[in-house]
Structure formats: C-alpha cells, structure tokens
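Residue numbering restarts at 1 for every chain, and letters A, B, ... go by the order of the sequence lines.
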There are 2 protein chains.
Amino acid sequence: MPREINGRPVIETPRGPVLTPCAPGSVLARLGDKWTILVVSMLSLSPDAPMRFGALRRGIPDISQRMLTLTLRNLERDGLVARHYYTELPPRVEYELTDRGKSMLKPLAAFTDWIRDTWQDIEASRREFDAAEQRRI
Amino acid sequence: MPREINGRPVIETPRGPVLTPCAPGSVLARLGDKWTILVVSMLSLSPDAPMRFGALRRGIPDISQRMLTLTLRNLERDGLVARHYYTELPPRVEYELTDRGKSMLKPLAAFTDWIRDTWQDIEASRREFDAAEQRRI
DNA sequence: CGGCATCCGCTACGATACTG
DNA sequence: CAGTATCGTAGCGGATGCCG
C-alpha cells in the first residue's frame, strides 16, 4: 500500500520518494488565487440566504467588478457556488454556496485558523529576512 | 464582540457585512502558488532528517531548478523551512521544516484531505460547465 | 444592477547557459 | 551539486467604457 501525503500518492524509489503528478493541484491553484477564499468567506456568512452581487462586492474591499465576476464564475464552474438570475428591472443576481461548497468550510477553517494564528510571526520573519539580505548586499 | 470568518474580522454595516482588509492574504498567496505545497509535502515525508536539494528536485516531477530554488527561498523567508549549507566539494545543501513549518502540517492536511475527496467531482463539474458553455455559443 | 469587452502593466514561471 | 543570471512568454488582475 503506497504512502500518501496531502492527498497525493508517493512512490518509493532507490533515490528517494517521488510525488505523483498532480491533478488536485488545479483545485489548489484555483482556491489559492487572490480572491476566491474571500468570496467563499463572504458567502459562508449567510449559510441559508443567497447574497446579491452588490452585497458581495461591498463586503470585499478593493475587489474590482471584473474580478468578482470572474471569481464567482470559476466557483460556479467548480460546483461550489450556485447562481440565481432574476430578470427584473434592474436585474437581480444572487449567489449561494452549494452543498459541496459548504462541505469545504470546516477543512478550510482548520487551515485559515492556522494562518490567523501564525501570519504575524511569518510577516516578522519576512522583515527579518529582508533586512539581513539588505546587509549582505 | 465582532464576528469572525476564516480568521478575518467582519464589520456589520447597514448594507451588510464587510470583511476587513487582509494581511493574511499574503500568506495564502504564497502557499497557494504552484509549487509551495508540493515542496512542503516532500519535506514532511522525512520529518526528522533534512533533505538535499537534489532529492527534493527528483521528488517533484517537472519542477525546474529555478522554481525549486525560489520556492525554498520563500519558505525560508517565511520561517517555515531551515537551510543548511555545507562548504564541501561538491557542495551539499539540506533543507528541513522548522517547528513553525511542522505546525502547519495538520491544518493543511485537513484541507488537502477535502481536496483529495472532492477534486474528481470538481473536475467533472468543470467539464459539464464547459460543455454547457459550448452549446450556448 | 450586473456583466462583458478592451487595453495594458506586472509578475509568475519556464528554458538555457554559466559559476563556485 | 547547488545556485545565479538572463531572456522570453503567458496570464492574472486593474481601469475604463458600453450593454441588457
């Protein structure tokens, strides 16, 4: 039975372990982009009521209309968000997490909790590292 | 007491909730890039022995020397990886997770487990979405 | 109101060649 | 063996303007 790390099978070779190439990487790349986690976070604030496009936009400072549209479209494509379009005047569009989208909240929270508890130390390390680099140059 | 979601404080306003702007995003951006999680995964395979540059490289198919160097340097900058340089001939350089780096393994695993269990459904949704889009065009 | 089209700069990433 | 330097490319993401 092959070893597995972070959901990825590992092949043992004489020269050491080798990770198998990675389809799940395409999921991480999506979720790791600039806005996706923020949009999911906003949608998780009202688990039972859909949110309007404008409310999402106001809730995420500095996101452009274009990037919010693209991010929502990608989440919809992944089956994590459902989109409801109402042909009124002016039109109303609402978004909500699907069951699959909701299923990711708990695992995601485990990870973001770690980030919340650690990011200040990380930023401190960065400043220290950059300062040391300055001195060497 | 303000609400909090995914480690981010939420401000309630008359027009809806607003996420506070996000320093932790810089951590997610780093971890979400193309190679970081893979490198951390490789290093976590031998929690108690450092790994050589070449072993890491062989373990991650398709990573270029340049990107492995950059990824390791960024992880070192974040205090997640320690680098040990030995001035031999030929030189030997070894890397290992720091305590901070190890502290992220469990929360990360919670998240990557979800990805492992879900990514096939997600890819199926993508294919379906793209096919439906084709039909509309 | 929501969203698409267009233009454009920036940076992540890759390929290659060269040093200690 | 490990790392740096250089160059080229692709795509993310921002700004703006127009349409239902």
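Residues passing the salt bridge (Lys or Arg N to Asp or Glu O under 4.0 Å) test with R127(B): none are found, sequence neighbours excluded.
E123(B) has its side chain out of reach of Q120(B): every pair of non-hydrogen atoms, C-beta onward, lies at least 4.5 Å apart. Side-chain contact between R30(B) and V27(B): absent, with no pair of heavy atoms (C-beta onward) separated by less than 4.5 Å. Taking 4.5 Å as the limit, some side-chain heavy atom of D33(A) sits within range of a side-chain heavy atom of T36(A).
dG3(C) atom P lies 13 Å from atom OH of Y86(A), rounded to whole Å. If you measure from atom CG of L68(A) to atom P of dC4(C), you get 11 Å, rounded to the nearest angstrom.
The phosphate of dG3(C) has OP1 or OP2 within less than 4.0 Å of a side-chain N or O from R83(A). An OP1 or OP2 oxygen of dG3(C) is reached within less than 4.0 angstrom by a side-chain nitrogen or oxygen of Y95(A).
At a threshold of 4.0 Å, the pair R100(A)-D78(A) does not count as salt-bridged, since none of the basic side-chain nitrogens sits closer than that to a carboxylate oxygen.
Grouping the Ile, Leu, Val, Met, Phe, Trp and Tyr side chains by contacts below 4.5 angstrom, directly or via other members, places Y86(A) apart from Y95(A). A single hydrophobic cluster is not seen to contain both V18(A) and V39(B); linkage of ILVMFWY side chains at heavy-atom distances under 4.5 Å, directly or through other members, places them apart.
Shown for residues 39-58 of chain A: residues whose heavy atoms fall under 4.0 angstrom of DNA chain C, namely R52(A), F53(A), G54(A).
Remark: side-chain polar atoms of T112(B) are paired, donor with acceptor, to backbone N or O of A109(B) under 3.5 angstrom. Although no hydrogens or angles enter the test, the distance criterion places a donor-acceptor pair under 3.5 Å between the side chain of T98(A) and the main chain of L80(A).
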Would you tabulate the pairs of protein nitrogen or oxygen atoms and nucleotide nitrogen or oxygen atoms of nucleotides 13-16 of chain C closer than 3.5 angstrom?
residue	atom	partner	partner atom	Å
dC13(C)	OP1	K34(B)	N	3.2
dC13(C)	N4	R66(B)	NH2	3.3
dG14(C)	OP1	K34(B)	NZ	2.8
dG14(C)	OP2	W35(B)	NE1	3.1
dG14(C)	N7	R66(B)	NE	3.1
dG14(C)	O6	R66(B)	NE	3.4

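No more than 12 heavy atoms of other residues, nucleotides or ligands lie within 6.0 Å of CG in D99(B), so this atom counts as exposed by the packing criterion. Within 6.0 Å of atom CD in E128(B), 12 or fewer heavy atoms from other residues, nucleotides or ligands are found, so the atom counts as exposed in its surroundings.
From M104(B), atom CE reaches atom CD1 of I37(B) across 4.5 Å, with rounding to the nearest 0.5 Å.
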Can you run through DNA chain C from 5' to 3' and write each base as (, ), [, ], | or . depending on how it pairs? Watson-Crick or G-U wobble, both distances under 3.5 Å.
-> .|||||||||||||||||||

Without placing hydrogens or testing angles, list every side-chain donor-acceptor pair under 3.5 Å for residues 44-58 of chain A, not counting sequence neighbours.
residue	atom	partner	partner atom	Å
S44(A)	OG	S41(A)	O	2.7
S46(A)	OG	A49(A)	O	2.8

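Think of the region where chain B sits on DNA chain D: with heavy atoms and a 4.0 Å cut, that region ends 5' and 3' at dC1(D) to dT6(D).
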